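Notes follow the structure.
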Amino acid sequence: MRIPILGVTLLACVLSAPASHAEETDPRAEAAAHYARGLELANQGQYQQALDEFNAAYAASPHFAVLYNVGQAEMALGRPIEAIAALTRYLRDGADKVPLSRREQVQAQIALLDAKLAELTITTNRAGATIRVDEREIGRTPLFEPVRLPAGVHTVTALLPDGAQATRSVTLAEADRQKLEIVLIAAAAAMPAAPAPASAPPPPDGHLAPAPSRGERPGAVTLRRAAIGATSAGVLLAGAAVGVYLWNRGRYEDWQNANAALEQAPSGTSIYHQAAIANNQLADSLTTANHAILGLSLAAGALVATGATLYLVDRAHRRRSGELAIDWRRDAAGGRTMAFAWSIGW
């Protein structure tokens with residue numbers, strides 16, 4: 001898809017902008033060079049590189065018209081929030097210098113992008129938590145309005161000053177409205193280590209304490225339990241992958257129908273352009289969902305395979321008259337070390 005880019009007219013505006021007589025180097029020439037390079041890259045479909053050049057042109061010699069191309073490049077890259085910001089500033093800074101037809105076109109683009117943004121209401125059980133969405137800080141709870149986000153998978157993190165932290169993943173569709181409640185648990189205070197019984201001599205340096213009997217190892221995790229846990233987690237992830245696939249299949253049919261309609265529609269019109277943008281954004285959302293399905297499927301397969309392996313190992317050890325468990329031991333230096341412990345009998 002080609003985005004509408006202002007070309008020769010804007011280049012003339014950049015070159016005719018008033019320059020400062022206090023500088024020997026005219027920034028307009030630098031801006032014109034960046035802008036011309038941006039046009040070339042945009043016509044080749046290299047929108048990220050074109051966006052970098054347009055931003056460099058605006059930084060060298062700010063002119064409101066460059067913001068139009070910035071907004072179009074952001075739109076082509078599937079970043080509706082950034083596109084809305086650039087196009088809104090273009091209309092504001094250009095004011096009555098923006099032709100009426102262009103203003104109506106840009107207002108229609110902004111309205112279309114705005115209508116497709118999703119809203120996520122984020123709450124926490126404890127106030128004062130810093131909220132980050134996709135590594136971007138949003139604010140502290142309570143948040144008094146929803147967070148507007150593009151469709152796709154987003155990572156939400158809540159962090160308290162005492163170190164308590166929780167991270168959730170949420171999938172949003174276009175124009176979706178969802179609520180996300182994050183439960184934060186207070187960080188546990190460090191507890192002093194209990195003194196060793198006077199009757200028990202300390203183990204030699206560098207050696208682990210003897211493994212206690214089966215009844216004295218409440219924290220040990222048997223291989224069979226680990227196998228069941230890994231397999232259960234794998235089944236849950238597989239179910240999530242199937243759920244995302246079923247949700248994505250209907251949207252894929254919508255994309256195919258819209259793509260077929262575009263092939264029959266006359267190109268070059270404003271309606272065709274808006275429909276093409278919407279269809280491309282839907283295609284990007286489908287790609288993101290497919291990546292999520294692949295990741296969930298691979299993780300599910302790995303967990304199920306791990307569970308099966310642990311089960312077979314546990315079964316072999318049980319046949320040899322013992323139960324193998326994973327436990328943590330305290331060494332002579334006061335640290336904790338993972339160890340394997342045997343329990344004879346059933």
Side-chain angles (χ1 to χ4, degrees), residues 1-6 42 47-48 50-51 54-55 58 64-123 131-139 143-156 170-180 247 250-251 254-255 257-259 261-262 265 269-289:
M1 182 198 69
R2 298 271 184 191
I3 63 172
I5 296 292
L6 292 179
Y47 295 119
Q48 181 58 61
L51 176 62
F54 292 143
N55 284 329
Y58 188 80
F64 75 92
V66 182
L67 296 172
Y68 175 83
N69 284 3
V70 171
Q72 300 302 319
E74 293 282 15
M75 196 183 328
L77 291 169
R79 298 199 285 255
I81 294 178
E82 290 80 358
I84 290 174
L87 294 176
T88 301
R89 187 175 177 185
Y90 164 73
L91 294 178
R92 183 194 65 199
D93 294 354
D96 56 356
K97 296 179 183 178
V98 179
L100 179 59
S101 59
R102 176 71 63 185
R103 176 175 292 276
E104 292 176 347
Q105 173 203 340
V106 173
Q107 288 174 339
Q109 287 181 334
I110 293 175
L112 180 62
L113 293 173
D114 187 76
K116 292 186 176 182
L117 288 179
E119 290 187 355
L120 180 63
T121 301
I122 303 173
T123 59
I131 301 298
R132 295 193 183 99
V133 178
D134 300 331
E135 301 302 325
R136 178 171 62 94
E137 186 168 323
I138 302 299
L143 300 177
F144 296 103
E145 59 183 10
V147 181
R148 309 195 72 198
L149 297 168
V153 181
H154 300 277
T155 301
V156 182
V170 60
T171 301
L172 299 174
E174 291 182 354
D176 199 2
R177 302 292 183 269
Q178 288 194 33
K179 293 183 179 181
L180 176 65
W247 168 73
R251 299 169 66 239
D254 294 340
W255 175 82
N257 294 334
N259 203 39
L262 282 174
T269 64
S270 176
I271 295 178
Y272 176 88
H273 172 71
Q274 294 175 5
I277 292 174
N279 203 37
N280 285 342
Q281 290 176 343
L282 179 56
D284 293 340
S285 177
L286 289 170
T287 301
T288 301

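Quantities reported herein were computed from a predicted structural model and do not represent experimental measurements.
Heavy-atom minimum distance, Ala289 versus Trp247: CB-CZ3, 4.1 Å. Across Ala42 and Ala50, no two heavy atoms sit closer than the pair N-CB, 3.7 Å. Across every non-hydrogen atom of Ala65 and Tyr90, the tightest pair is CA-CE1, 3.9 Å. Across all their heavy atoms, Val70 and Ala86 have their closest contact at CG1-CB, 3.9 Å. Here the closest non-hydrogen pair linking Val66 and Phe54 is CG1-O, 3.4 Å. Taking every heavy atom of both residues into account, Ala115 and Ala175 meet most closely at O-CB, 3.4 Å.
Under the 3.5 Å distance criterion, the side-chain polar atoms of Arg103 are left unmatched by any main-chain donor or acceptor of Lys97. Under a 3.5 Å cut-off, the side chain of Asp176 and the backbone N or O of Ala118 do not form any donor-acceptor pair. Judged by distance alone, with hydrogens and angles left aside, the side-chain atoms of Arg148 form no donor-acceptor pair with the main-chain N or O of Pro146 at under 3.5 Å. For the pair Thr88 (side chain) and Ile84 (backbone), a donor-acceptor distance under 3.5 Å is present.
Lys179 has its side chain out of reach of Thr123: every pair of non-hydrogen atoms, C-beta onward, lies at least 4.5 Å apart. The closest side-chain heavy-atom distance from Val98 to Phe64 is below 4.5 Å.
Within the model, atoms CG of Asn55 and CG of Asn69 stand 11.0 Å from one another, a figure rounded to the nearest 0.5 Å. Once rounded to the nearest 0.5 Å, the distance linking NE2 of His154 with CG of Asp134 reads 6.0 Å. The structure places CG of Leu67 at 9.0 Å from CZ of Arg92, a figure rounded to the nearest 0.5 Å. Rounding to the nearest 0.5 Å places CZ of Arg177 at 10.0 Å from CG of Leu172. In this structure, CD1 on Ile277 lies 5.0 Å from CD on Gln109, to the nearest 0.5 angstrom. For the atom pair CD of Glu174 and CG of Asp254, the computed distance is 10.0 Å after rounding to the nearest 0.5 Å.
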Could you please spell out the steps behind the side chain to side chain contact (heavy atoms under 4.5 Å, CB included) verdict for Leu113 and Met75?
-> CA-CA 9 Å; Leu113 293 173; Met75 196 183 328; 4.1 Å; yes
Decide side chain to side chain contact (heavy atoms under 4.5 Å, CB included) for Gln72 and Leu87; before the verdict, give the C-alpha distance in whole Å, the side-chain angles of both, and the deciding distance to 0.1 Å.
-> CA-CA 8 Å; Gln72 300 302 319; Leu87 294 176; 3.9 Å; yes
Do Arg79 and Leu51 pass the side chain to side chain contact (heavy atoms under 4.5 Å, CB included) test, and can you show the C-alpha distance, the side-chain angles, and the key distance before you say yes or no?
-> CA-CA 12 Å; Arg79 298 199 285 255; Leu51 176 62; 3.2 Å; yes
Given side chain to side chain contact (heavy atoms under 4.5 Å, CB included), test Val170 with Val153 step by step and report yes or no.
-> CA-CA 6 Å; Val170 60; Val153 181; over 6 Å; no
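The side-chain contact (heavy atoms from CB on, under 4.5 Å) with Val147 is formed by just one residue from the set Ile122, Leu117, Leu180, Thr121; it is Ile122.
Glu119 and Gln178 share no side-chain donor-acceptor pair at under 3.5 Å.
Geometric assessment of Arg102 against the ring of Tyr68 yields a positive cation-pi assignment under the 6.0 Å and 45° thresholds.
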